[in-house]
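Here is the structure we will look at, set down as structure tokens.
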Amino acid sequence: MSSFASFRAVSGQPWRARRDGGDDLGIALIDQLLLARGVAPADLDRHRAPTLRDFLPDPSVFTDMDKAASRLADAVEAKENIAIFGDYDVDGATSAALLVLLLRRLGNDPMIYIPDRLMEGYGPSGKALVELKDKGASLAITVDCGAQAFDALAEAAAAGLEVIVCDHHQCSAALPIAVAMINPNRLDESDEGAAHGHLAAVGMAFLLGVALLRELRKRGRFVNGIAEPKILDLIDIVALGTVADVAKLKTLNRAFVTQGLKVMAGRQNIGLAALADAARLVKSPTSRDLGFALGPRINAGGRVGKSDLGVRLLTATDPEEARTIAIELDRLNEERRGIEQLVTDEAAAQALAQADAPLIIVSGAGWHPGVVGIVASRLKEKYGRPAIVIAEDETGVGKGSGRSISGVDLGAAILAAKDNGLLVAGGGHAMAAGVTIAPGGLEPLRAFLHDRLATTIETARGGRALTLDALLSPGGVAGGLCDELDAGGPYGAGWPAPRIAAGPARLIRTTIVGNGHVRGIAAGDDGKSFKWIAFRAADTPLGAALLASAPDTRWWLAGTIKRDEWTGGNAAEMHVEDAAPA
């Protein structure tokens, strides 16, 4: 695939092979895909079909895990009142639901507290934790939050409430008061634990559940007819939270999703089955379905509705209740889309003036804080650089969310800004972060982040290229190829879907369809043809070039290969991302 260097792509960016020798016909395609995604040759076997047996670490490698498991086991045995405090997004909802379902199977029905995004904001507050104590809780577990909750956890300790923190967001050198702080991104984490810093909070909650069951087993809990609860049948929830939180799908996360999709296909979780029906999913779910169909609907409750709807759905025991909640989440998701579009339009107008800045930072009075993360993702994709979108309330206080690009640790930069007094609150991880900013604080924050990240962003962007896994003739774009490519999945963050270049081919029947999509047929010199579509490309240089192509012009088209679900059968089509004259 060295010939890519001579291609003159419409986008202007170079085309490169994802791996040197990536078109080696002596290696099976699945192994080529795995090698190109960083798998060592000696480690191919366990990556071809990832299982928890092959990838699950001993939970004890994580700092404070044994301490947390022991305290939680004490609470289970003594039938203490336990409270689960979760974040309002999918990762928080799935983390909370997993622990609730597991504890119920152990005879403990914990309290659940999910804060309201608008009224309470992110993370635990002292008021909420003290309220749980007043209601009888002696132990609380925060999931997907708590790593930076210094004041709140101090208030809880003063009130006599013990707290276990199960989180994955970046930590400061100092840690808040807690019985245990389980977080692979602790600065003092062991090397073995830190190797799992890409796990979502739901992955850490699963590991806490494994550690709890092991501790109870050691104590002789599961004897005399008392069965040990199965935790593996909760892996569908882990898969959903992992994909929806855009955690990197490598090693253990890839095993979580691979096995979780199998469990989800069995529709054991009443809530997930109802949500799939509401989302009109008629086939076994895929990783893409988790990220684009199920995840957004769970999120809609926290963004524009009631924050606890997601947890209530995932822990529902009554099918009718689950169906009612799923329908409500589907409705809220439609409402969210409308709100998102309004904010996107206004944010895009501001971002246009920052097209050459190191990173995009936009803000607006009256913007809905529940959609700023989604809008930030849109701007990041459009401009290829980190983006932060901030919603200002009537007092001028801004609450925002940022999304980053590979190679730029936005979470660390936000923590540094907070440590420098530029933020009321802030935190996150490498690819996503949240901020709370005082009135008038936007420009100082912008200057700080530009100064800190400009060089890193320039380096990261300078290495951009369209990476390709294979070069094919038009006849190679077929259903059989889809089967081979699927074998290397599931694909997602950190484990990109295979991208193929096919050609040379002439473009025929090229037209605009739907909301600015460009569609056509590519006919090759080998007498074979394939359908293609370039989404939202009509007003882009790519769309213009494809629409203006002369009948005798031959092209290489580059993109991902998908099953043609509209036509059905074993047909395939290409979702085009770039093109180059042959």
Side-chain angles (χ1 to χ4, degrees), residues 82-106 108-117 141-145 166 200-209 229-245 247 256-257 259-279 281 285 287 289-333:
I82 302 171
I84 308 296
F85 191 108
D87 186 26
Y88 37 65
D89 70 359
V90 185
D91 195 15
T94 51
S95 300
L98 184 145
L99 292 179
V100 168
L101 291 172
L102 180 61
L103 289 170
R104 283 180 183 172
R105 295 176 183 184
L106 290 168
N108 191 296
D109 192 10
M111 292 182 268
I112 306 171
Y113 193 104
I114 308 294
D116 182 275
R117 179 190 290 265
I141 307 171
T142 69
V143 288
D144 197 30
C145 58
C166 183
V202 70
M204 296 306 299
F206 181 85
L207 287 164
L208 174 58
K230 294 181 179 179
I231 193 171
L232 286 180
D233 62 4
L234 300 178
I235 203 73
D236 50 357
I237 296 176
V238 182
L240 174 58
T242 297
V243 172
D245 208 52
F256 278 148
V257 177
Q259 303 306 320
L261 287 170
K262 295 177 182 178
V263 173
M264 196 177 295
R267 295 171 64 93
Q268 297 179 38
N269 185 288
I270 292 172
L272 280 178
L275 192 65
D277 291 340
L281 292 179
S287 179
D289 293 329
L290 303 188
F292 291 93
L294 303 183
R297 286 170 170 79
I298 293 286
N299 252 337
R303 293 188 189 281
V304 296
K306 296 179 180 178
S307 59
D308 66 346
L309 284 176
V311 176
R312 286 172 51 198
L313 177 74
L314 296 173
T315 58
T317 56
D318 175 41
E320 185 57 32
E321 179 191 17
R323 190 181 76 85
T324 300
I325 296 174
I327 291 172
E328 175 67 1
L329 286 171
D330 187 57
R331 184 192 69 78
L332 289 171
N333 191 50

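All values below come from the heavy atoms of this structure, side chains included, with hydrogens, waters and symmetry mates left out. Numbers here are sequence positions counted from 1.
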Please tell me if the side chains of L290 and T242 come closer than 4.5 Å, counting only heavy atoms from C-beta onward.
no
Which heavy atom of A205 sits nearest a heavy atom of L99, and at what distance?
O-CD2, 3.8 Å
Taking the side chain as everything from C-beta on, heavy atoms only, tell me whether L332 gets closer than 4.5 Å to E328.
yes
Can you tell me how far CG of L234 sits from CG of L101, rounded to the nearest 0.5 angstrom?
5.5 Å
With a 4.5 Å heavy-atom cut-off, do F206 and L232 have their side chains touching?
yes
Does M204 reach the side chain of L208, with side-chain heavy atoms less than 4.5 Å apart?
no
Which atom pair, heavy atoms only, marks the closest approach of G291 to P296?
O-CD, 3.4 Å
Tell me, do T94 and I298 make a side-chain contact under 4.5 Å, heavy atoms counted?
no
If every non-hydrogen atom of G241 is compared with every non-hydrogen atom of D91, which pair is closest and at what distance?
O-OD1, 4.3 Å
Heavy-atom nearest pair, A293 first then A279, reads CB-CB, 4.4 Å
How long is the span from the CD1 atom in I141 to the OG atom in S95, to the nearest 0.5 Å?
11.0 Å
Interatomic distance, CZ@R312 vs CD1@I112, rounded to 0.5 Å, equals 9.5 Å
Note: G92 and D144 closest approach over all heavy atoms is N-OD2, 3.3 Å
Just one of L207, V202, V143 clears the side chain to side chain contact (heavy atoms under 4.5 Å, CB included) bar with C166, so which one?
V143
Distance-only, no hydrogens or angles: does the N299 side chain make a donor-acceptor pair with backbone N or O of V90 under 3.5 Å?
yes
A side-chain contact here means heavy atoms from C-beta on lying under 4.5 Å apart; do L313 and L329 qualify?
yes
Could you tell me the separation between the OG1 atom of T315 and the CG atom of N269, rounded to the nearest 0.5 Å?
8.5 Å
Answer whether the closest heavy-atom distance between the side chains of Q268 and V263 falls below 4.5 Å.
yes
State whether the side chain of S307 and the backbone N or O of Y88 hold a donor-acceptor pair below 3.5 Å, judged by distance alone.
no
Shortest non-hydrogen contact between P229 and L102, atoms and distance
CB-CD1, 4.2 Å
Value for CD1 (I325) from CG (D308), rounded to nearest 0.5 Å, stands at 8.0 Å
Over 60° means perpendicular and under 30° means parallel, so tell me whether Y113 and F85 are parallel, tilted or perpendicular.
parallel
Within the structure provided, determine whether M264 and D289 are in side-chain contact (heavy-atom separation under 4.5 Å).
no
For the atom pair CG (D89) and CZ (R117), what is the distance rounded to the nearest 0.5 Å?
7.0 Å
